[in-house]
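The structure appears right after this line, and notes come after that.
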Amino acid sequence: MPTREPARPAGRPHGPGQAPVRIPARRSVGDVLGGLGALLVLVAIVGGVPYALLTFAGPPLSPELLDLDLLTSRVGPSTIMAVLVLFVWLAWLQFFACVVVEVYAGVRKVGMPARVPLSGGSQALANKLVSAVLVLFTAGAMVVPIAKLATPPPTAPPMTTVAYSAPIVEQPQEARQTKKVYVVQPPHGRHHESLWEIAEKCLGDGRRYPEIYRLNQHKEQPDGTRLRMADLIRPGWVLDMPDDARHAHVVPVNQARAQTLKQHPAGSHSGHRQVTDEVRQTSSVKQGPAHERRDTQGTIAEPAAESSGVDLADYLATASLAAAGLLIVLARRRREQLWRRAFGRRIVRPRDDAAQAEVALRLGADAPGTRILDIGLRLLGAELATQGRTPPTVYAAHLSPRNLDLWIHPPDGDAPEPWMAQDGGQVWRLAAHEGRLLEEQPGGAPYPGLVSIGADESGRVLIDLEAAQGLINIRGPQTTAALAALAVELATNRWSDRMRITLVGFGDELTAIAPDRIRAVGSLAEVLPELEATAAPRQEVLTGRITGSPRDAHYLLSAVAPTHEEARRLALLARKDTAGYVVTGDVPHATWTLEITDDGKAKIAELGFEVTAQLLPRRHYQALIDLFRTAEQLDGEVLPEAEPLEELAPPAVEIRMLGPIEILGRDPLEEGRMALATELLVYLATHPGGVHPVVLGGVLWPRGVQPMVRDATIDRVVDWVGREHLRVDEAGRLRLGPGVRTDWALFRELVRRSHGDPAARTVLLEKALGLVRGPLLSGRPPGRYAWLAGDELEYDVAAEVADAAHRLCEIRLAHGDPDAAVAAVRAALLLATDDEGLWRDLLRATHATEDVVRLRTVVEGLTRRASSHPYGGGMAPETEALIDELLPSWRIHIVRESSA
């Protein structure tokens, strides 16, 4: 499929029925004047020179040069002039060829232009002139600066993810007797050293970290490993440092690394014991990718803005599509943890930054928008397949609460329903109210490469990495943070099926999130041969996606700048392959350039985009990794003991949480105030130690609130509940009085008493399970109760309810009452639906009734639930093994049902 210039992207409409507004091209007055000047020069050279030659000097081959006696006769002035005219004609012809090649490369975006033999400066001049002229006529003209391509390739791939790199001046080997080294220190709390921090401490500028990387790339370390990725260093490694490094060790130039480590072991570095005044002064005003600074004692410290979960929310909560995908993957991991949960233990819950990261994800997740993207795109592909049409190129999308807009090329006014063509067919639109009514679609995912680059005032802007049909060059001081954000969303989105993501020079830990999709390598050389061997034509792949024979989508994100040769191979590969290539560094022959500015903007000049960039800085990245590593831990945690209740009589105010949220004992507040007041009471009830109003404000209004609004809300709830039930202690903390109780507290007390009273155990457990009415806090408004992610409540409730049902089930089965055992388990399943231990209890209890039809019904229901579970994953192996034991023929019946 030939590469064509995409249509200019259309903006969002300002109101129903209004036409989309075009985003203007971003050309300056200087660009226009320069383009006009270059056009005049080109016209003068391409047209004026041959006109002048023909007028004043004649054709290239004059009669003198055609004379056969020229080689034997004497050469006169006329012959010399004829030869000079011929040389001028040849020079003009060569320049004309250069112009043709450059125009073809710029208009067709073929990547690296062909080299005209012996062109040298002529092609460089043609390149500059054509580049300037194309700015006048195209939005995405891509012309390769030949002057830059003529430079020799670097000896090793430079890590040019930053704009500054000071030169490394090395002395001759024979003149150097010593060198400077740095020993990577072990973690301090949750803090791990990075090359940026080492460069900041030892070189005075974190942006000089590529120098350290280049000095140590591929060198063997004391533990036998090698430095292959700039963001992956290990404690105890010995790093060679530039000669101007401070706070480093001076060792003999030929000293073995093991000897260096023996003399200067990790953990004893003087830079961690004391820091000079000079370092305090210089590092206090510098900030690295994670915005870290040093305090007056010289230790690593987080700035105040990053010490709370609010800062994590600033990035993670705004990545609404990535947040929704991450929560789905996380829920799938949690479900697998529940498969192996042991009695008396809860699954491991996240803490600190990991917990705050999940809070931020819950705050920002746009599940409805994700669903519309997924189902809407699949429906589009299915409708086009039915009509025998090839999907158009979608090079960008805009998702707002009102519409999903696709910017397509070439324009097509025939959009399949319920999509509508807008702006002369350049935009296909799916209204949000139409998207919400769509049923799940079985069709393939036609545009898996759509990924957010950021947001504007009305929604999220996505680009399709495949639509560039060439390299996408990413530049700026936060390129790794932008690449990490792209990788996370690609790896977790719902609107793709089969995908491979190759990360170069970063992201090894991201395999914890999506090991089936992500792999990380240290250099482009490791993957280029494979990419070249598996390239596939674009039209073939697009057709396969919508007709049911898809290939794996593949996207390469590189934080390592390519060498000259690697850039050439990538450019040629990107022209013919249906894939996406995002590469950092100085890559002049890129189709699009994604620039991440210092103030956090993402710009693509070729498409006219400027949005607030979607970034994943280092601290947020690490918090996500910690969150998913928590979800991999299978041992669980011991359940905490419940605080005893002295009185079981009905309270004055009861907060019911084990099912739909209810407040008993008080008339409801007016509409619009009840939800917030209820959440306030729930939070205070589950934190009996008291909560300061400032902390409570941060919980209920995680995006911020004015103190006046916060205090007015608290006063209103105090008046509603009663001052005897909601009061302030001497420390200024809000506490609920003894007249307020939750059904959860009553549940725990009944279970606690059942342990010490065998005679009443069954009755107490039945009363406890009788309090369960449905999922925990069901019916809560969307976007509220995000604080649950960092709290024990969800984890404790699910585990203790399941354990109580398990204990009661065993008691009932021991007394020969399987029907009561079934009832106990089903009561708990109303809340702890994903606890497979409960499902196994239900299978055993149902089997004990000796009713095969009833058992088969349970098995069929469990199988259907596992196959259609929103988080996937099927059934636990232990559950399948139990079904095989209790009902050996179950698989045959399932097959018959599915075929029928």
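We count residues from 1, following the sequence as given. For the numbers below, each heavy atom of this structure counts, side chains included, while hydrogens, waters and symmetry mates do not. Bear in mind the structure is a predicted one, so any value in this text is a computation, not a measurement.
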Inset, instruction - Check the pair V582, L556 against side chain to side chain contact (heavy atoms under 4.5 Å, CB included), reporting the backbone distance first and the verdict last. - result: CA-CA 6 Å; V582 185; L556 181 139; over 6 Å; no
Inset, instruction - Under the side chain to side chain contact (heavy atoms under 4.5 Å, CB included) rule, what do V461 and L399 come out as? Steps first, then yes or no, please. - result: CA-CA 7 Å; V461 174; L399 177 66; over 6 Å; no
Inset, instruction - Any chance you could lay out the side chain to side chain donor-acceptor pair (under 3.5 Å) test for Y621 and E509, step after step, and finish with the verdict? - result: CA-CA 9 Å; Y621 170 93; E509 303 93 337; 2.6 Å; yes
Inset, instruction - Check the pair V583, L570 against side chain to side chain contact (heavy atoms under 4.5 Å, CB included), reporting the backbone distance first and the verdict last. - result: CA-CA 9 Å; V583 183; L570 280 172; 4.1 Å; yes
Inset, instruction - Walk me through it: do Y555 and E466 pass the test side chain to side chain donor-acceptor pair (under 3.5 Å)? - result: CA-CA 8 Å; Y555 306 104; E466 298 177 7; 2.6 Å; yes
Inset, instruction - Verify side chain to side chain contact (heavy atoms under 4.5 Å, CB included) between E440 and R371, making sure each step is shown before the conclusion. - result: CA-CA 9 Å; E440 295 287 339; R371 184 180 183 274; 3.9 Å; yes
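Residues passing the salt bridge (charged side-chain N to carboxylate O under 4.0 Å, His left out) test with E530, sequence neighbours excluded: R500, R519. With sequence neighbours excluded, the residues forming a salt bridge (charged side-chain N to carboxylate O under 4.0 Å, His left out) with R378 are D374, D497, listed by chain and number. Listed by chain and number, the residues in a salt bridge (charged side-chain N to carboxylate O under 4.0 Å, His left out) with K219 are D240 (sequence neighbours excluded). Checked against salt bridge (charged side-chain N to carboxylate O under 4.0 Å, His left out), D516 has no partners two or more places apart in sequence or in another chain. Scored by the side chain to side chain contact (heavy atoms under 4.5 Å, CB included) test, S496 finds P448, N493, M499, R517 as partners (sequence neighbours excluded). Remark: F628 engages no residue in a ring-ring contact (aromatic ring centres under 6.0 Å, His included) (not counting sequence neighbours).
Separation of atoms CD (E565) and CG (L528) is listed at 9.0 Å; rounding is to 0.5 Å. Put simply, CG on L465 and CD1 on I501 are 9.5 Å apart, with the number rounded to the nearest 0.5 Å. Once rounded to the nearest 0.5 Å, the distance linking CD1 of I604 with OG1 of T591 reads 11.5 Å. Atom CG of L462 sits about 14.0 Å away from atom OH of Y395, to the nearest 0.5 Å. Residue L615 holds its CG atom at 9.5 Å from NE2 of H620, rounded to the nearest 0.5 Å. In this structure, OG on S320 lies 7.5 Å from CD on Q614, to the nearest 0.5 angstrom.
Contact detail for R333 and A512: the closest heavy-atom pair is NH1-O, 2.8 Å. Taking all atoms of both residues into account, the shortest heavy-atom contact from A324 to T370 is CB-OG1, 3.3 Å. Considering all non-hydrogen atoms of both residues, D412 and R389 come closest at OD2-NH2, 2.9 Å. Residue Q469 comes nearest to T393 through the heavy atom pair NE2-OG1, 4.1 Å, listed as atom of the first residue, atom of the second, then distance. G522 and V560 make their closest contact through O-CG2, 4.1 Å (heavy atoms, listed as atom of the first residue, atom of the second, distance). Between V238 and Q221, the shortest heavy-atom contact is N-OE1, 2.8 Å.
Between the side chains of Q217 and R226, no donor-acceptor pair is found at a separation under 3.5 Å.
Taking the six-membered ring for Trp and the full ring otherwise, the centers of W592 and F609 sit at least 6.0 Å from each other.
Between L510 and L624, every side-chain heavy-atom pair lies at or beyond the 4.5 Å cut-off. For the pair V521/L503, no side-chain contact is recorded, criterion being any heavy-atom separation below 4.5 Å from C-beta on. Proximity of L380 to W419: side-chain heavy atoms (C-beta onward) are separated by under 4.5 Å at one or more points. Proximity of R494 to L321: side-chain heavy atoms (C-beta onward) are nowhere separated by under 4.5 Å. Inter-residue side-chain proximity for H554 and T502 is flagged as met; some heavy-atom pair is nearer than 4.5 Å. Side-chain atoms of W428 and P392, non-hydrogen and from C-beta on, do get closer than 4.5 Å to each other. No side-chain heavy atom of V504 sits less than 4.5 Å from a side-chain heavy atom of L557. Contact of the Y581 side chain with the L531 side chain is registered, since non-hydrogen atoms from C-beta on lie closer than 4.5 Å.
Remark: side-chain polar atoms of R335 are not paired, donor with acceptor, to backbone N or O of L330 under 3.5 angstrom. In terms of modelled atom types and a separation under 3.5 Å, the side chain of N473 and the main chain of G585 share a donor-acceptor contact. The main-chain N or O of A485 is never found under 3.5 Å from a side-chain atom of E489 such that the two would form a donor-acceptor pair. Proximity of a side-chain donor or acceptor of E606 to a complementary backbone N or O of T593 within less than 3.5 Å is detected.
Considering L486, V394, L450, L607 in turn, L607 is the only one that fulfils the side-chain contact (heavy atoms from CB on, under 4.5 Å) rule with I463. With L326 as the partner, the side-chain contact (heavy atoms from CB on, under 4.5 Å) test is satisfied by one option alone out of T492, L627, L316: T492. When the options R568, R569, R575 are evaluated for a salt bridge (Lys or Arg N to Asp or Glu O under 4.0 Å) with E532, the one that passes is R569.
With salt bridges taken as basic N to acidic carboxylate O contacts below 4.0 Å, none links E632 and R629. A salt bridge is defined here as a Lys NZ or Arg NE, NH1 or NH2 lying under 4.0 Å from an Asp or Glu carboxylate O, and R460 with D366 fails to meet this definition.
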